[in-house]
Amino acid sequence: MDYAGDAVSIAELLDERRQLLDVACRMVGSGAEAEGVVDETYRRWYALSDTARADIVAPRSWLVTTATGICLARPVLPDRGEDPAERAPVTHSEVLGTAPAAVPRAMGPAEPGYGALASRARRWLRARRSRPGTLVRHDALARAVRAACAAEDLGRLMSLLSPDATAVFDGGGKIRAMMRPVHGSEQVARHLLVLLARRPRTTLRAQSVNGRTGVVVRHDHQVVAIISLGVTGDRVGHVWVVLNPDKLRLWNRPPTSGW
């Protein structure tokens with residue numbers, strides 16, 4: 001199927017983030033500091049212009065190189081007896097298969113302005129939202145969307161979307177998600193099918209999201225995406241995909257034991 005070329009499957013995005021965390025942990029040691037390195041790496045990715053990002057042939061390689069550069073700027077770790085600069089060539093070589101001597105110090109730009117993107121998109125979505133459909137119709141459409149995505153049925157999914165449907169992908173700067181809303185039933189459907197491409201250990205389930213039926217995506221039993229739907233008439237007009245790990249923590253909190 002001819003899917004949207006700039007979309008990436010959620011399994012690949014999760015693997016990419018795990019790889020960055022592994023690189024950072026091996027170079028700076030601390031889990032919390034490694035998380036900071038990964039956050040800064042994605043911040044620099046979003047700081048790039050659209051043209052600059054489009055010119056990057058291998059985004060993952062760019063991200064690993066950037067994470068390596070950030071780690072190189074960190075201080076020596078006394079408990080490890082080596083500093084990040086000593087680990088950088090080996091780590092980069094192991095991850096990307098490049099020669100250790102070829103590791104560049106990629107530091108990138110400073111401010112992405114990504115923090116306001118999600119809030120702008122939420123305001124935009126609320127402003128555009130028309131009168132919602134009935135709960136029964138909403139539930140039926142949400143379950144049909146889940147089934148179409150699970151079956152990777154492009155035609156069926158498009159038929160459930162309004163011609164002017166819009167999708168917003170909220171990665172919060174923590175994962176390499178789409179930066180701008182996607183418009184039109186075909187493009188929305190294609191992006192969703194790429195994101196939710198069938199992979200081992202990935203499941204889609206229709207369940208309540210903020211009081212209405214949505215789609216909850218799990219990978220290795222962890223919630224990795226929440227999809228909320230806005231229904232207008234008999235079709236889905238708005239799709240909101242939350243990929244931001246920070247916003248998904250409550251979904252992954254272990255259940256409290258009752259008495």
Side-chain angles (χ1 to χ4, degrees), residues 1-14 50 53-54 59 117-118 120-171 175-219 223-244 248:
M1 288 179 283
D2 181 23
Y3 290 136
D6 53 354
V8 182
S9 76
I10 198 166
E12 182 177 342
L13 293 177
L14 293 171
D50 291 346
R53 275 193 304 275
L117 177 63
R120 286 202 307 270
R122 283 192 293 270
R123 290 196 301 271
W124 171 87
L125 186 59
R126 285 194 296 266
R128 290 274 309 238
R129 189 170 285 150
S130 302
R131 185 176 61 188
T134 66
L135 288 176
V136 173
R137 182 57 181 160
H138 184 108
D139 180 78
L141 277 170
R143 294 180 184 281
V145 166
R146 189 219 69 84
C149 289
E152 299 184 325
D153 189 335
L154 177 63
R156 175 59 177 157
L157 185 55
M158 286 177 59
S159 74
L160 299 169
L161 301 171
S162 299
D164 61 348
T166 299
V168 177
F169 299 82
D170 175 14
I175 198 166
R176 190 161 51 90
M178 295 293 300
M179 288 191 65
R180 290 181 173 78
V182 176
H183 302 285
S185 59
E186 182 174 357
Q187 283 302 306
V188 170
R190 288 181 182 277
H191 278 77
L192 284 176
L193 290 187
V194 172
L195 180 71
L196 305 176
R198 192 179 302 153
R199 293 289 189 277
R201 308 188 309 280
T202 300
T203 61
L204 310 180
R205 181 181 177 186
Q207 67 183 81
S208 179
V209 176
N210 295 326
R212 293 208 166 193
T213 308
V215 180
V216 176
V217 185
R218 288 178 172 83
H219 185 78
V223 174
V224 294
I226 299 291
I227 303 175
S228 300
L229 305 172
V231 175
T232 303
D234 61 352
R235 294 190 183 186
V236 174
H238 305 285
V239 181
W240 178 259
V241 184
V242 176
L243 299 162
N244 184 345
L248 298 174

Nearest 0.5 angstrom please: [X] [atom1] to [Y] [atom2], how far?
X	Y	atom1	atom2	answer
Thr202	Leu14	OG1	CG	7.5 Å
Leu195	Ile227	CG	CD1	6.5 Å
Asp234	Arg137	CG	CZ	5.5 Å
Leu243	Arg176	CG	CZ	12.0 Å
Asp153	Met158	CG	CE	11.0 Å
Glu152	Leu196	CD	CG	9.0 Å

Minimum heavy-atom distance [X]-[Y], with the two atoms named:
X	Y	value
Cys149	Leu204	CB-CD1, 3.8 Å
Pro163	Arg235	CD-NH1, 3.9 Å
Ile10	Ala225	CD1-CB, 3.6 Å
Ala11	His219	CB-CE1, 4.4 Å
Val236	Val145	CG2-CG2, 4.1 Å
Leu160	Ala148	CD1-CB, 4.3 Å

Practice prompt. Tell me, yes or no, whether the heavy-atom count around Asp50 atom CG, taken from other residues, nucleotides or ligands under 6.0 Å, exceeds 12.
Written response: yes
Worksheet item: Donor-acceptor pair, Arg198 side chain versus Ala150 backbone, under 3.5 Å?
Response: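 Side chain of Arg198 to backbone of Ala150, a donor-acceptor pair under 3.5 Å: yes, one is there.
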Worksheet item: Side-chain donor-acceptor pair under 3.5 Å between Thr166 and His238, yes or no?
Response: no
Fill in: Check against side-chain contact (heavy atoms from CB on, under 4.5 Å), Arg212 and Leu135
CA-CA 7 Å; Arg212 293 208 166 193; Leu135 288 176; 3.3 Å; yes
Worksheet item: Going through the distances and angles, do Leu229 and Leu141 end up as a side-chain contact (heavy atoms from CB on, under 4.5 Å)?
Response: CA-CA 9 Å; Leu229 305 172; Leu141 277 170; 5.8 Å; no
Worksheet item: By salt bridge (charged side-chain N to carboxylate O under 4.0 Å, His left out), which residues pair with Arg205, not counting sequence neighbours?
Response: none
Worksheet item: Does some side-chain heavy atom of Val239 sit less than 4.5 Å from a side-chain heavy atom of Val182?
Response: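 No; the side chains remain at least 4.5 Å from each other.
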